[in-house]
Every structure is written in C-alpha cells, then in structure tokens.
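Notes follow once the structure below has been shown.
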Amino acid sequence: MNSNIVSYIETKILENAKERWLFQNFKFEGLKARPLEQRKYFDFGVIEVFLNSNGSIDVAGDFYRNAITPKEYNSVQDACAMVYDHLRYADQNYHRLVQAPEDWTKKSFFGKLFSGFKKAG
C-alpha cells in the first residue's frame, strides 16, 4: 500500500481521536511508538490501534482483538469509521469483554498450536 495513504489514515485517526471520539471506559492518550518493533500506535489506555505499513489496522487490548484489512475499506473515511466502530464496540461492551475476552484475529497454524499449549500448561 502507498505510504502516503497510510500516513493520511494515521493523520485522520489522530484528528478524530483527539477531537471527536469520546468513550466511557478509555480515553485517547496519544500517538506513541514502540522502538523495538519500530511501529507507532494510538494509545487508548486499555486498548491500542496499530496502523501497519501494508494498510491493515489492528485493534488490540487484553480483552479485545480485531483486525481491519485494506480490502475491507474503500477510503480513508471508511478506515476511520471502522476503527471507531471497533473502539465503540469495545467501549460499550467493556465489562462483558473483561470477563470474556474476544479475539477475532485470524491465527496462523503455529499461533493456534502454541495457544493450545499455553492453555494446557
């Protein structure tokens, strides 16, 4: 994906997170960086939004995980709306999700295998 499009999506998410998006259970704490992974993320305290160089967007916290692929959105506005929808869902269902986390990301074969070992151990 074109890096200009990814940076434009980043700019729009940042604008919306600062000015428009209000949640009951978490708030926007800024655009931060993870130096070891060399990736930036939008920090909402208990949940983070990662914008990947290929245009995919990960919404991840201890209680909720989901991903948006570039095929799922047609414009920057669509991408921002989808991120907001995921955050709003996590906010509205926060207490239930803390009790019963949801992970909607597709796991690789090895990811499934190792998560099975973690549960068994």
Side-chain angles (χ1 to χ4, degrees):
M1 173 162 276
N2 184 334
S3 64
N4 290 335
I5 294 172
V6 172
S7 62
Y8 187 60
I9 292 171
E10 178 181 301
T11 301
K12 286 300 179 186
I13 290 175
L14 189 59
E15 286 175 9
N16 286 321
K18 284 181 178 178
E19 299 171 11
R20 294 188 184 108
W21 295 350
L22 299 174
F23 303 102
Q24 293 177 1
N25 297 293
F26 42 87
K27 69 179 187 113
F28 181 62
E29 296 181 9
L31 180 62
K32 300 183 178 177
R34 291 200 172 156
L36 296 176
E37 297 176 23
Q38 295 183 344
R39 65 193 283 207
K40 293 189 273 187
Y41 66 97
F42 301 92
D43 186 1
F44 289 88
V46 296
I47 198 162
E48 300 166 343
V49 177
F50 296 91
L51 183 57
N52 303 306
S53 59
N54 66 356
S56 67
I57 303 167
D58 299 322
V59 180
D62 290 339
F63 57 89
Y64 179 77
R65 292 186 186 280
N66 212 326
I68 303 166
T69 65
K71 293 178 182 177
E72 294 179 74
Y73 59 86
N74 296 318
S75 67
V76 172
Q77 291 78 14
D78 286 350
C80 289
M82 292 177 88
V83 168
Y84 177 75
D85 288 346
H86 284 287
L87 291 171
R88 187 184 65 209
Y89 174 82
D91 183 51
Q92 290 174 344
N93 295 287
Y94 178 77
H95 298 289
R96 180 183 59 78
L97 291 169
V98 168
Q99 298 298 316
E102 292 180 6
D103 186 346
W104 295 98
T105 57
K106 292 181 181 177
K107 290 186 176 42
S108 67
F109 171 76
F110 291 108
K112 290 177 186 174
L113 183 67
F114 289 122
S115 70
F117 287 134
K118 287 180 188 175
K119 290 177 185 174

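This one's a predicted model, so the numbers in the text were calculated from it and none came from an experiment.
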Student check: side-chain heavy atoms of Ile57 and Met82 closer than 4.5 Å
no
Do Tyr84 and Asn16 touch side chain to side chain, with heavy atoms closer than 4.5 Å?
no
CD1 of Ile9 to CD of Gln77: how many Å apart, nearest 0.5 Å?
9.5 Å
side-chain contact (heavy atoms from CB on, under 4.5 Å) involving Ala67 - partner list, sequence neighbours excluded:
Asp58, Thr105
If you look at every heavy atom in Ile47 and Tyr64, which pair is closest and at what distance?
CD1-CD2, 3.9 Å
Please identify each residue that fulfils side-chain hydrogen bond (donor to acceptor under 3.5 Å, both in side chains) with Thr11, with sequence neighbours left out.
none
Measuring from atom CG of Asn93 to atom CD of Glu102, what distance do you get when rounded to the nearest 0.5 angstrom?
7.0 Å
Do other residues, nucleotides or ligands put more than 12 heavy atoms under 6.0 Å from Lys32 NZ?
yes
Supply the atom-to-atom distance Ile13 CD1 to Lys18 NZ, rounded to the nearest 0.5 angstrom.
13.0 Å
Asp62 vs Val46 side-chain heavy atoms within contact, under 4.5 Å:
no
Can you tell me how far apart CZ (Arg39) and CG (Asn52) are? Round to the nearest 0.5 Å.
4.5 Å
Any side-chain to backbone donor/acceptor pair from Asn54 onto Ser56? Under 3.5 Å, distance only.
yes
Which ILVMFWY residues are connected to Tyr41, directly or by a chain of links, through side-chain heavy atoms under 4.5 Å apart?
Phe50
Check Tyr89, Phe44, Phe63 against Tyr94 for a ring pair (Phe, Tyr, Trp, His ring centres under 6.0 Å) and give me the one that passes.
Phe63
Answer yes or no: is there an ion pair linking Arg34 with Glu48, defined by an N-O contact shorter than 4.0 Å?
yes
Sorted by chain and residue number, the salt bridge (Lys or Arg N to Asp or Glu O under 4.0 Å) partners of Arg88 (sequence neighbours excluded) come out as Asp85
Applying side-chain hydrogen bond (donor to acceptor under 3.5 Å, both in side chains), can you list everything that pairs with Glu15, at least two apart in sequence or on another chain?
Lys12
Is the backbone of Thr69 close enough, under 3.5 Å, to the side chain of Glu72 for a donor and an acceptor to pair up by distance?
yes
Throw together a table of side-chain donor-acceptor distances under 3.5 angstrom for residues 21-31, partners on residues two or more places apart or in other chains.
from	atom 1	to	atom 2	distance (Å)
Asn25	ND2	Asp91	O	2.9
Asn25	ND2	Asp91	OD1	3.1

